[in-house]
Each structure stands twice: as C-alpha cells, then as structure tokens.
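I have placed the structure first, in the form of structure tokens, so that the comments after it can refer back to it.
Sequence positions, counted from 1, serve as the residue numbers for this chain.
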Amino acid sequence: MVIIGCAASLRRMKEVYSNHHSNLNDAQYRAVHYRGGPLLVLAGAGSGKTRVITERIAALVERDVPEDAITAVTFTNKAAQEMRERLASRLGERQAKRLRICTFHALGLMIVREHAGLVGRRARMSIFAVPEQKSAMRSVLADMKLPSDSDHVERILQKVSMIKNGMREVQDNMITAIVEKYDKLLQQMNAVDFDDLIVLPLQLLAKHPEVRALWQSRCRHFLVDEYQDSSRMQYDFVRLLAPETANLTVVGDDDQSIYGWRGAEVQNLFQLERDYPSLEIIKLEENYRSTGLILQGSNSLIAHNRERLGKTLRSNLGLGKKIRVWEAETSDEEAERVVAEIRGQRAANHLKWDDFCILYRSSFKSRAFEMALRDANVPYHVSGGLSFFDRAEIQDVLAYLRLIGNFSDDLAWMRAISRPRRGVGSKALEVLGQFAHEKDLSLLEAALEDDFQHPKAGVLRAFAQMLVDIEHIFLHGEPDDAFDTLLEVSGLEDAIRKEAEDEDEAERRMGNIMSLRRWWLRHSENGGDLSSFLQHVYLAADDKDDAPQGQVRLMTVHAAKGLEFSHVFVVGMEAGSFPHKNALEENRLEEERRLMYVAMTRARHRLTLSYAKTQKKFGQVEKMGASPFLKEIDEDVLNWVDKGSGSEEDQRERKAEVDAHMAAMREILGLN
C-alpha cells in the first residue's frame with residue numbers, strides 16, 4: 001500500500017496531463033488522473049467525491065479507453081442517475097449513454113439476463129420486490145404446513161435473506177428446506193429476488209471461467225462509489241470482476257459506514273489493502289460543505305473510533321459559528337423550541353423552509369416535531385413515506401405488465417385476475433392451480449389449455465388470451481397504444497373511477513398511472529422494451545419519492561446520508577436514544593458514532609444538538625441524561641446555550657435567538 005502525497009509526483013503528473021479542470025484541488029487532481037492499478041479514494045464528507053469519480057470516468061474516455069470497458073457501480077439509482085447526468089454534461093449525451101453506470105443489483109441483473117440459461121432462467125424474467133417475495137414465501141410455508149401469517153413470513157424472509165448473503169449460517173434442516181423450496185418456486189416462475197441479483201452473478205462468475213473473462217473485459221476499468229456500504233457478497237463480486245492488479249477505483253469513507261444492520265461491512269475497506277498489495281490511497285480531506293467549527297467538532301467525535309483509516313477534514317468556508325447544544329425539560333418543549341427557531345431564522349434571514357432539516361436517530365422521535373410544526377403552520381415533509389411504487393393503482397398496472405412480460409409470473413396473474421374483479425373465486429383459481437401443477441405449466445398457460453374444465457374456464461381463458469393479444473401490441477405496436485389498450489381492455493381505468501370516493505381521488509390515482517405511462521414512453525423512445533422497463537422499475541422501487549421543495553425536512557440520520565442543509569437540528573440526543581441502547585448491547589458503538597458523525601456533517605452553516613431532560617414512558621416521567629457523544633465533541637466548539645457562563649458569546653447567542661423569535665412574531669402578525 002502506498003499513500004500518494006508527493007509534491008514532485010504531482011508536478012510530473014501535471015506535466016504529462018493537461019489540467020482540464022483547473023479548479024480541482026491537488027488531491028482531487030491526483031485521483032482523477034491516477035494510472036497504475038488499484039486505487040482507494042478515501043473521501044471525507046463534502047469533499048467532492050461524486051465530482052472526482054465522474055471526472056475520472058471522463059478522463060478515461062478522453063484517453064480513448066473504450067466505453068464498453070468502463071463499469072461504474074454505486075448503491076442507489078438516484079446516485080447512478082446523477083453520475084450519468086454529470087457525464088452527459090461533460091462528454092455529451094451520446095457518449096455518456098454508452099457507459100455502464102448502474103447499481104450493484106443492476107449489474108447483477110445484466111449478468112444474469114445475458115447468461116440466464118446457466119442459472120435456470122429465461123431472459124424475460126420477473127424481479128420480485130418485497131410484496132412478491134412475501135406472497136411467494138407465504139405459498140411455500142402453506143405448502144409445508146407451516147404458519148404463514150404476516151409476522152412469520154417476514155421473519156422467515158429475513159432469515160433467508162441473511163443466509164443468502166452469508167450473514168447467517170443455516171441453523172436447522174427446516175430452514176434449509178424452506179430456502180430450497182422458495183428458490184425452486186422463483187425458478188418455476190422465471191423470477192429472481194433482490195438477493196439473487198448478487199448471489200446468482202457470483203455463482204456464474206465463480207463457476208464459469210468464460211463468463212468471468214467476458215465480464216472482466218467489460219470491467220477493465222471498474223469504479224465503485226460509496227464502497228463503505230458494500231456487503232461481504234458485494235466485495236466478493238468486486239474481487240471476481242477486478243483481480244488484484246486490475247484498474248480498480250474504490251471511493252469510500254470508513255467514517256460514514258452506517259449500514260451494518262443490513263450487511264454493510266466497513267472491514268471491506270481494510271481488506272482492500274490485503275487483497276490488493278499495490279493499492280494506493282489518496283485522501284480527500286478538503287470539505288466544501290461545512291464551516292470550520294462544525295468540522296472540528298465532527299473530527300473530534302469520530303477520532304474516538306479505533307476502527308478507521310484516519311483522516312481530518314478541513315473547511316475552506318471559514319470558522320463559522322459554534323455548535324449549539326440545547327436542553328429542554330420535555331420532548332414537547334424541545335420540539336416547540338426547534339420549530340420556533342426555524343420560524344425565527346427564516347423570517348430574520350430571509351431563508352427558505354427547505355434550508356432546515358430535523359434529524360433523529362429513531363423515527364418515533366418525529367411525532368412531537370410533526371405536531372409542533374402543524375401547530376405553527378409550518379410546511380414539512382417526513383422522508384421515508386409511501387413509495388410511488390407502493391401505491392395500489394401502480395401495483396395493479398405493474399402486475400399486468402409483469403404478466404405480459406413473463407407468462408410464468410403466477411403472482412402477477414393472481415393480482416391481475418382480481419383487478420378488477422371478474423367473478424373468479426378462490427375455488428376456481430385453486431382448480432386452475434392444481435391443473436397447472438399437473439401439466440407443469442404456468443397459470444396463464446394452463447388457462448389457455450383446451451382440456452382445462454371448470455365453470456369459470458371461459459372467463460379464465462378469455463383473460464389469458466387478452467394478455468397474449470396485448471403482448472403482441474407491446475412487441476409490435478406503438479408504445480402509447482399498447483399502454484392505453486391495456487388500461488382500456490383490462491377494465492382498470494373504469495374500476496379506479498368507480499371505486500374512488502370522489503373525482504379528486506380518481507384524478508390523483510389516474511395521475512399516478514399517467515406518470516408511469518410517461519416513464520414507459522420515455523423508456524421506449526430510448527430503445528427499451530417491456531422487459532427492460534420492468535426490470536428498471538423494480539430496481540428503482542426502493543427509491544422513495546423526492547421531497548417537495550419549500551418544506552422543512554424531517555428524517556432519520558440513516559435517510560439523510562448524502563444530503564446537506566444550511567441549518568440542521570439533531571434532536572433526541574439523550575443517553576439510550578443516541579447512541580441507541582440496542583447498539584450498545586450489541587457492541588456497535590463505533591457504528592453509532594459514525595452515524596452521529598454523518599448527522600453532524602449534513603450541516604453547512606448552523607448545527608444545533610438538542611435533548612430533553614425528561615420523557616414520559618408508560619405514564620411515568622423518567623429522567624434522561626445527555627448523550628455521551630456530547631462529551632466526546634471538542635468543548636471549544638460547543639456553546640451550551642442553557643448552561644451559559646455569561647460570556648459575551650453566550651449573550652449574543654441568546655439575543656440572536658430572541659431576535660429571531662421576534663422576527664417570527666412580526667411575520668405572523670404581518671408586521672414585516
């Protein structure tokens with residue numbers, strides 16, 4: 001391992017390369033233009049890592065590296081889309097489109113689709129998200145005469161996922177049997193779940209040298225963003241695609257590894273040094289987001305972690321104001337004070353509502369703040385609400401589209417046949433299911449068989465034939481005609497309008513469907529077919545709706561990663577709440593500290609930490625202590641507003657708070 005830091009090396013590089021972007025700092029420039037094998041870019045919060053990785057890709061293209069030899073992987077569709085947009089701006093739309101930029105799961109899907117026969121699938125496969133996984137598992141458990149209630153299904157699915165991802169060893173033969181039956185059912189329906197999009201590509205790459213060689217050539221330059229969020233399975237994925245001397249670029253921050261509960265392993269960063277002996281490290285420590293005192297406090301906190309590679313962020317924005325610490329008697333008082341401050345600062349400094357964010361460790365902490373915001377008539381948005389893809393009308397349309405794209409998708413059949421209702425009951429479907437099982441057919445294929453006999457056979461056959469006819473339109477007709485025909489002949493639009501309580505609800509639900517239609521048309525215009533559209537939809541299904549502009553944001557710290565706000569309030573800073581008591585019991589204090597570090601580094605100009613001295617539990621008032629994290633932050637950067645020493649700074653702070661509240665009152669009374 002070598003850490004680049006030599007000024008002479010930098011000068012030589014600048015002689016070789018033209019500095020296309022003169023406003024890159026030295027470390028960024030070295031990272032963008034580095035040549036010579038595996039590279040770790042250790043990128044601190046707000047250090048411009050997204051810019052570095054996109055500029056590095058652009059530099060490779062400008063050095064005439066073929067686009068098909070470049071693969072860049074990140075962890076969310078939103079991040080991948082942002083990277084694509086930046087590269088389109090840098091290189092042009094046409095050239096950027098030829099680059100392979102996607103999530104780990106999307107890359108896994110590309111591999112599985114291309115080599116589907118080797119894993120017992122066909123290319124036009126379905127991707128099962130959580131609702132479909134639950135239905136499949138419920139069927140497995142019922143068939144095995146095991147409890148299939150919702151809670152048990154969720155617990156079993158969690159165990160199966162952990163086993164598939166290597167996070168848990170098989171404990172008994174029953175779980176082994178469940179996993180085998182579940183996987184077999186998915187294979188029968190030509191489907192995969194999200195875990196399969198990592199597990200199956202790993203199997204392909206490990207067992208088939210020709211597949212591995214092909215994809216290593218397509219990943220000759222392999223770039224991984226947000227690497228600290230990778231799981232052990234994803235690290236194995238990287239190792240198979242990028243051997244130890246490969247042109248691997250990993251961008252990550254060990255201090256922001258906060259997803260251990262879902263399999264992320266910060267140790268993957270340290271393992272790089274062992275598996276890639278020639279690894280070089282470039283540290284990005286210049287922060288463009290936060291003021292100096294906020295960073296000083298964040299640095300002092302995270303320095304208490306032992307498991308880190310080590311770096312110290314520095315600001316180019318000046319010192320700024322100290323980090324405020326507030327204490328309130330109760331959670332309600334805490335919420336009222338935060339909301340009053342938001343109103344006051346907005347009025348006094350002509351700020352926008354979305355300049356403010358309230359962060360908390362656990363989602364239940366939002367309740368008091370939501371009530372205070374409503375009482376004060378302040379617009380707000382709680383992140384992590386209902387996803388676009390979770391809406392019933394969207395699920396209905398997607399069920400039809402899934403079935404048209406994959407006649408083996410029995411779960412899609414079961415939903416589509418009942419939306420709208422066609423007078424086909426569970427008994428008829430049970431008979432159809434038995435017939436399909438005997439003939440080794442899907443439900444749709446079985447319904448088309450002439451020898452299927454049942455009083456409802458005509459209805460089922462007509463429904464199946466309708467889907468076959470619509471498939472023909474999707475394959476050979478115009479994209480808009482295909483979608484509109486589906487809505488009309490399926491009866492979905494009529495059903496939505498009849499079921500809606502009023503015209504507004506009907507228009508809202510149809511508006512959601514029209515949004516999906518527009519997405520389908522854009523996808524079609526870019527040459528995509530129904531199969532690739534559905535796979536794109538289901539890979540994006542975990543991305544929640546973006547928050548509307550002009551609203552105060554409320555969210556957990558986990559949800560805030562990657563975001564930034566002018567004014568940040570980290571609330572609920574009581575002992576046992578942050579760090580969470582469960583994390584302490586499970587010896588995960590360092591991850592909790594990293595979570596606190598992420599919370600602090602979301603703030604650009606103003607950071608306030610607050611806690612309540614008491615809270616009600618089961619009708620009893622319980623005394624609460626301040627979070628131990630507050631004692632780990634450099635005392636010089638903290639202003640304990642409610643324990644002031646009477647210094648001029650304390651007096652100025654209190655006066656500023658009073659002035660802000662007066663400005664808010666004037667605004668309310670229309671006196672501004």
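Side-chain N/O atoms of Asp529 and Ser532 include a donor and acceptor closer than 3.5 Å. Remark: the Tyr235 side chain and the Gln271 side chain contain no N/O donor-acceptor pair separated by less than 3.5 Å. Judged purely by distance below 3.5 Å, without hydrogens or angles, the side chains of Asp410 and Ser442 never pair a donor atom with an acceptor atom. Defined by atom type and a distance below 3.5 Å, a donor-acceptor pair is missing between the side-chain atoms of Gln187 and Asp183. For the residue pair Arg421/Ser418, the side-chain donor-acceptor check at 3.5 Å is not satisfied. Between Arg84 and Gln81, the side chains place a donor N or O and an acceptor N or O closer than 3.5 Å (distance only, hydrogens not considered). A donor-acceptor contact closer than 3.5 angstrom links the side chains of Arg122 and Ser408. Judged by distance alone, the side chains of Ser383 and Arg553 do bring a donor and an acceptor atom under 3.5 Å apart. For the residue pair Arg594/Gln228, the side-chain donor-acceptor check at 3.5 Å is not satisfied. Between Arg374 and Tyr380, the side chains place a donor N or O and an acceptor N or O closer than 3.5 Å (distance only, hydrogens not considered).
One finds no salt bridge joining Glu265 and Arg232 here, because no Lys/Arg side-chain nitrogen approaches an Asp/Glu carboxylate oxygen to under 4.0 Å. Ion pair Arg124/Glu471 flagged as a salt bridge, since at least one NZ, NE, NH1 or NH2 atom sits closer than 4.0 Å to an Asp/Glu carboxylate oxygen. Here Lys439 does not pair with Glu445 in a salt bridge; the nearest charged N to carboxylate O distance is not below 4.0 Å.
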Note to self: Could you go through Glu493 and Lys498, starting from their C-alpha distance and side-chain angles, then the distance that decides it, and tell me whether this counts as salt bridge (Lys or Arg N to Asp or Glu O under 4.0 Å)?
What the structure shows: CA-CA 9 Å; Glu493 182 171 0; Lys498 288 176 182 176; over 6 Å; no

Check: Would Glu82 and Lys78 count as a salt bridge (Lys or Arg N to Asp or Glu O under 4.0 Å) if you check the C-alpha gap in whole Å, the side-chain angles of each, and the deciding distance to 0.1 Å?
Finding: CA-CA 6 Å; Glu82 181 184 353; Lys78 187 175 182 180; over 6 Å; no

Check: Can you list the steps and then say if Trp520 with Phe474 is a ring pair (Phe, Tyr, Trp, His ring centres under 6.0 Å)?
Finding: CA-CA 11 Å; Trp520 155 244; Phe474 270 92; 5.5 Å; yes

Item checked: Test salt bridge (Lys or Arg N to Asp or Glu O under 4.0 Å) applied to Lys159 and Glu154, step by step -> CA-CA 9 Å; Lys159 289 179 182 178; Glu154 287 185 13; over 6 Å; no

Note to self: For a side chain to side chain contact (heavy atoms under 4.5 Å, CB included) check, start with the C-alpha distance between Lys456 and Leu432, then their side-chain angles and the critical distance, and finish with the verdict.
What the structure shows: CA-CA 10 Å; Lys456 293 294 183 181; Leu432 177 64; over 6 Å; no

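From Met110, atom CE reaches atom OG1 of Thr71 across 7.5 Å, with rounding to the nearest 0.5 Å. Atom CD1 of Ile163 and atom OG1 of Thr176 lie 7.0 Å apart (nearest 0.5 Å). Between the CG atom of Leu202 and the CG atom of Asp236 there is a distance of 6.0 Å, given to the nearest 0.5 Å.
Looking at every heavy atom in both residues, Ser161 comes nearest to Asp195 through OG-OD2, 2.8 Å. Across all non-hydrogen atoms, the minimal contact from Ala416 to Tyr400 is O-OH, 3.1 Å. Of all the heavy atoms in Ala123 and Ser531, the pair that sits closest is O-OG, 4.2 Å. The two residues Glu591 and Ile258 make their nearest non-hydrogen contact at OE2-O, 3.1 Å. Gly572 and Phe578 make their closest contact through O-CB, 4.1 Å (heavy atoms, listed as atom of the first residue, atom of the second, distance). Between His580 and Glu592, the shortest heavy-atom distance links the atoms N-OE1, 2.9 Å.
Between the Asn406 side chain and the Asn190 main chain, a donor and an acceptor come within less than 3.5 Å of each other. At least one donor-acceptor pair closer than 3.5 Å links the side chain of Ser135 to the backbone N or O of Pro131. With hydrogens and angles ignored, the 3.5 Å screen pairs a side-chain donor or acceptor of Arg461 with a backbone N or O of Glu449. Panel note: side chain Glu499, backbone Ile496; no donor-acceptor pair is recorded below 3.5 Å. Between the side chain of Tyr182 and the backbone N or O of Ala136, no donor-acceptor pair lies under 3.5 Å. Counting only distance, with no hydrogens or angles, the side chain of Asp484 and the backbone of Asp481 share no donor-acceptor pair below 3.5 Å.
Counting heavy atoms of neighbouring residues, nucleotides and ligands inside a 6.0 Å radius, atom CG of Asp451 exceeds 12 of them. Atom CG of Asp149 sits in a crowded spot, with more than 12 heavy atoms from other residues, nucleotides or ligands closer than 6.0 Å. Atom CD of Glu501 has 12 or fewer heavy atoms from other residues, nucleotides or ligands within 6.0 Å. Within a 6.0 Å radius of CE in Met144, more than 12 heavy atoms belonging to other residues, nucleotides or ligands are found.
Put simply, the side chain of Met514 reaches to within 4.5 Å of the side chain of Leu487, judged on heavy atoms. Asp225 is not listed as a side-chain neighbour of Val73, based on a closest heavy-atom distance of 4.5 Å or more.
Residues Trp413 and Phe463 place their aromatic rings such that the two centres sit under 6.0 Å apart.
The ring-ring contact (aromatic ring centres under 6.0 Å, His included) analysis of residues 420-445, with sequence neighbours excluded, yields the pairs Phe435-Phe452.
The ring-ring contact (aromatic ring centres under 6.0 Å, His included) test with Phe104 singles out one residue from Phe222, Phe194, Phe75, Tyr227, and that residue is Phe75. Test Lys365, Lys581, Arg361 against Glu574 for salt bridge (Lys or Arg N to Asp or Glu O under 4.0 Å) and you get one pass: Lys365.
In this structure, Tyr259 and His558 have tilted ring planes: the angle between them lies in the 30° to 60° band.
Checked against side-chain hydrogen bond (donor to acceptor under 3.5 Å, both in side chains), Glu488 has no partners two or more places apart in sequence or in another chain.
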